[in-house]
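A short write-up of the structure that comes next.
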Amino acid sequence: MTKIFDLTGKTAIVTGANTGIGQGIALALAAAGANIAAVGRSAATETVDKARALGVQAEIVSADLSTIEPVGRVVDETVEKLGGLDILVNNAGIIRRNDSLDFTEEDWDAVIDTNLKSVFFLCQAAGRHMAAQGRGKIINIASMLSFQGGIRVPSYTASKSGVAGLTKLLACEWAAKGINVNAIAPGYIATNNTTALQADETRNRQIVERIPAGRWGDPADLGGAAVFLASSAADYVQGHILAVDGGWLAR
Ligand code: NAP
């Protein structure tokens with residue numbers, strides 16, 4: 001039974017792997033046997049050291065994904081350093097908060113460029129490699145705001161709703177090519193991205209009260225879903241947005 005979740009010998013790109021959810025997912029994939037290309041603008045030294053301690057190969061691939069300039073090189077460098085590419089996890093992302101009446105074009109473009117445009121073009125670069133080899137797994141990181149509106153984060157909601165739509169479109173186009181495209185929608189996870197919310201006593205209490213599990217998620221909570229979607233256990237799962245949210249959407 002465990003064999004269908006085994007990733008031994010597979011190679012995974014994880015973007016934004018130095019911290020938070022990206023680090024949690026990279027280490028879960030490594031624990032399942034995958035070699036890791038830790039992609040990001042900050043060196044993922046800790047992630048790479050921890051992955052190697054789990055007995056897999058791990059390499060840093062430097063890339064600033066605020067533009068699509070590095071996407072082709074990210075795939076080429078991964079293949080060069082680790083000998084292949086089987087799994088892509090599009091995790092790197094940013095958020096900007098302001099009232100919609102005051103929201104700037106800069107805050108719109110920055111979030112859409114990183115969270116949506118670079119995600120599509122990295123899917124495309126990896127997808128070309130995966131289509132040629134006839135197999136691959138792509139996991140995009142969506143959000144509760146792929147389903148809900150939220151407030152004061154218009155470009156973030158637009159980007160994550162876009163990621164959900166894009167995931168379904170790519171699944172439709174690439175399923176017959178042997179590529180599975182799915183997404184994970186994390187609930188409220190304790191990372192740098194949510195420090196401000198955790199520090200705000202009122203918001204923190206309101207959030208925890210609304211989560212059926214009664215606690216913030218930890219980056220490690222995303223690991224099982226990522227291993228599943230990256231493995232042969234998910235070969236017939238396509239275009240699914242898997243919420244890992246302590247029950248937030250169920251309420
Ligand atoms: P985080 O700790 O802030 O991590 C974000 C990651 O993205 C970091 O590795 C960051 O690198 C990287 N990144 C940002 N801009 C980049 C760029 N231009 N080029 C390369 N890498 C870049 O936040 P997180 O919570 O783990 O977020 C990870 C993903 O989960 C994001 O897509 C986020 O939207 C999503 N998400 C988070 C939550 C949550 O509750 N935390 C909920 C739903 C979805 P640096 O360290 O160099 O900035």
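Not measured: the values here are computed from a predicted model. Whatever order the structure lists ligands and atoms in, that order sets their numbers, starting from 1.
- Taking 4.5 Å as the limit, some side-chain heavy atom of D86 sits within range of a side-chain heavy atom of Q133.
- For S42, a nitrogen or oxygen atom sits less than 3.5 Å from a nitrogen or oxygen atom of ligand 1, counting backbone and side chain alike.
- Ligand 1 lies out of reach of M144, whose nearest heavy atom is not under 4.0 Å from it.
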Next on the checklist: Evaluate F120 against I68 for side chain to side chain contact (heavy atoms under 4.5 Å, CB included), listing each step before the verdict.
Outcome noted: CA-CA 9 Å; F120 171 69; I68 67 167; over 6 Å; no

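- When only non-hydrogen protein atoms are considered, atom 3 (O) of ligand 1 lies nearest to N193 N, 3.6 Å.
- Inclusion of G22 in the set of residues having an N or O under 3.5 Å from an N or O of ligand 1 is not warranted.
- Contact annotation: the side chain of V244 never approaches that of P186 to less than 4.5 Å [non-hydrogen atoms, C-beta and beyond].
- Among all protein heavy atoms, the one lying closest to atom 34 (O) of ligand 1 is Y156 OH, 2.6 Å.
- Between N115 and ligand 1, a contact under 3.5 Å exists for no N or O pair.
- In this structure, atom 24 (P) of ligand 1 lies nearest to the protein heavy atom T191 OG1, 3.4 Å.
- With ligand atoms numbered from 1 in the order given, ligand 1 contributes 19 (N), 20 (C) to contacts under 4.0 Å with heavy atoms of A63.
- Per-residue contacts place S66 under 4.0 angstrom from the following atoms of ligand 1 (heavy atoms of the residue considered): 18 (N).
- The hydrophobic cluster containing I60, built from Ile/Leu/Val/Met/Phe/Trp/Tyr side-chain heavy atoms closer than 4.5 Å, also comprises V48.
- Between E59 atom CD and R52 atom CZ the span is 5.0 Å, to the nearest 0.5 Å.
- Taking the six-membered ring where the residue is Trp, Y188 and W248 present tilted rings, their angle falling between 30° and 60°.
- The nearest non-hydrogen atom to atom 21 (N) of ligand 1, considering only S118, A92, S159, comes from A92.
- Regarding atom 37 (C) of ligand 1, its nearest protein heavy-atom neighbour is I21 CD1, 3.5 Å.
- Every residue two or more places apart in sequence or in another chain that forms a side-chain hydrogen bond (donor to acceptor under 3.5 Å, both in side chains) with N115 is listed here: S159.
- To the nearest 0.5 Å, atoms CD1 (I95) and CG (N192) are separated by 13.0 Å.
- Ligand 1 lies out of reach of A185, whose nearest heavy atom is not under 4.0 Å from it.
- Each of the atoms 2 (O), 4 (O), 8 (C), 9 (O) of ligand 1 lies under 4.0 Å from some heavy atom of T19.
- Taking 4.5 Å as the limit, some side-chain heavy atom of N98 sits within range of a side-chain heavy atom of R152.
- Within the 4.0 Å heavy-atom shell around ligand 1 one does not find G217.
- Residue R41 holds the heavy atom nearest to atom 14 (C) of ligand 1 of all those in Q23, R41, Q198.
- From F121, atom CZ reaches atom CG of L65 across 13.5 Å, with rounding to the nearest 0.5 Å.
- Where the criterion is an N or O separation shorter than 3.5 Å, residue side chain and backbone included, I141 fails it with respect to ligand 1.
- With hydrogens and angles ignored, the 3.5 Å screen pairs a side-chain donor or acceptor of N182 with a backbone N or O of H240.
- Nearest non-hydrogen protein atom to atom 18 (N) of ligand 1 is D64 OD1, 2.9 Å.
- Scanning the protein for heavy atoms near atom 40 (O) of ligand 1, the closest one is I189 N, 2.8 Å.
- The cluster map of Ile, Leu, Val, Met, Phe, Trp and Tyr, joined by side-chain heavy atoms under 4.5 Å apart, puts I13 and W174 in the same cluster.
- At least one N/O-N/O distance between G16 and ligand 1 falls below 3.5 Å.
- The protein atom (non-hydrogen) at minimum distance from atom 9 (O) of ligand 1 is N18 OD1, 2.5 Å.
- In terms of N/O distances under 3.5 Å, ligand 1 is approached by G187.
- Residue, atom and distance of the protein heavy atom nearest to atom 32 (O) of ligand 1 are N91 O, 2.7 Å.
- In terms of heavy-atom proximity, I241 sits nearest to A142 at CG2-CB, 4.1 Å.
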